[in-house]
2 protein chains.
Amino acid sequence: MKNTIKVERAKKNWTQADLAKHIGISRQGLNSIETGKFVPSTVLALRMAKVFNTTVEILFQLDDTEA
Amino acid sequence: MKNTIKVERAKKNWTQADLAKHIGISRQGLNSIETGKFVPSTVLALRMAKVFNTTVEILFQLDDTEA
DNA sequence: ACTTTATGTCATGAATACTTGACATAAAGA
DNA sequence: TCTTTATGTCAAGTATTCATGACATAAAGT
């Protein structure tokens, strides 16, 4: 799964630690999600979309093999 | 976290087993998600939203305590 | 009455998400 | 040069998700 977390963070000028704190996750956990190592839970995806004022679909995109 | 999976299933007249098959999960797994026992992964949430032609935000709503 | 279907639930185990503490590196500032 | 900041990564442990097989129940069909 791909994501545009880095872009949205850049818009807000937030570090990974900033975002992690806002959505209630550890910095390392967020890093693993942002770099595509972990698939986040829907709760985290919804929280992220909310703080970025966007949608889960815009923030996360299924790969062709996952669709 | 709340969800409207049952409603969307009803629109399509699908059983839990039908939906589970479409999104690649076990019937019991889907039941646990639909009844709110498990928080699904974002991959599953995106697949469900897709087959129902809706969005993750419409299908899943954070509780006030989770927001 | 019997069978089938849909749902809910439980137990066990495997896979994955997430935490914490730690360390490395590169970039920027003092 | 020294320090700080941001990011990436690793290891070990805990928590959660998901699979599978099983059983119960209620509703509907025969």
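Protein chains get the first letters and strands the later ones, always in sequence-line order, with residue 1 at the start of each. A quick note: this is a predicted structure, and the numbers were derived from the prediction, not measured.
- Taking CD1 from A/Ile23 and CG from A/Leu30, the interatomic distance works out to 5.5 Å, rounded to the nearest 0.5 Å.
- Nearer to the 5' terminus of DNA chain D, by closest-nucleotide assignment, is the contact made by B/Val39 (compared with the other of B/Val39 and B/Gln28).
- Backbone-only engagement by A/Thr15 is indicated by non-hydrogen atom pairs under 4.0 Å involving sugar-phosphate atoms exclusively.
- Between the CZ atom of A/Phe38 and the C1' atom of C/dA15 there is a distance of 12 Å, rounded to whole Å.
- If you take CD1 of B/Ile33 and P of D/dA19, they are 8 Å apart, rounded to a whole angstrom.
- The distance between atom CZ of B/Arg9 and atom C1' of C/dG8, rounded to the nearest whole Å, is 12 Å.
- One finds no side-chain N or O of B/Lys37 lying less than 4.0 angstrom from the OP1 or OP2 phosphate oxygen of D/dT16.
- Using a 4.0 Å heavy-atom cutoff across all strands shown, B/Ser41 reaches sugar-phosphate atoms only and no base atom.
- Here the OG-CG distance, from B/Ser41 to B/Leu46, works out to 8.5 Å after rounding to the nearest 0.5 Å.
- Here the CD-CD1 distance, from B/Glu8 to B/Ile58, works out to 8.0 Å after rounding to the nearest 0.5 Å.
- With rounding to whole Å, B/Arg27 atom CZ is found 9 Å from C/dT9 atom C1'.
- Neither OP1 nor OP2 of C/dT7 sits under 4.0 Å from any side-chain N or O of B/Asn31.
- If you take CD1 of A/Ile23 and P of C/dA17, they are 14 Å apart, rounded to a whole angstrom.
- Counting to the nearest Å, the P atom of D/dT7 and the CG atom of A/Leu19 are 10 Å from each other.
- One finds the CZ atom of B/Arg47 at 12.5 Å from the NE2 atom of B/His22 (value rounded to the nearest 0.5 Å).
- Look at NZ on A/Lys21: it is 13 Å from P on C/dT20, rounded to the nearest Å.
- Mapping B/Ser32 and B/Asp18 onto DNA chain C by nearest heavy atom places B/Asp18 closer to the 5' end of the strand.
- In this structure, of C/dG8, D/dT20, D/dG8, it is D/dG8 that holds the atom nearest to the side chain of A/Lys6.
- Distance CD1 (A/Ile25) to P (D/dT16): 14 Å, rounded to an integer number of Å.
- Within the 3.5 Å criterion, the main-chain N or O of A/Gln28 finds no donor-acceptor partner in the side chain of A/Asn31.
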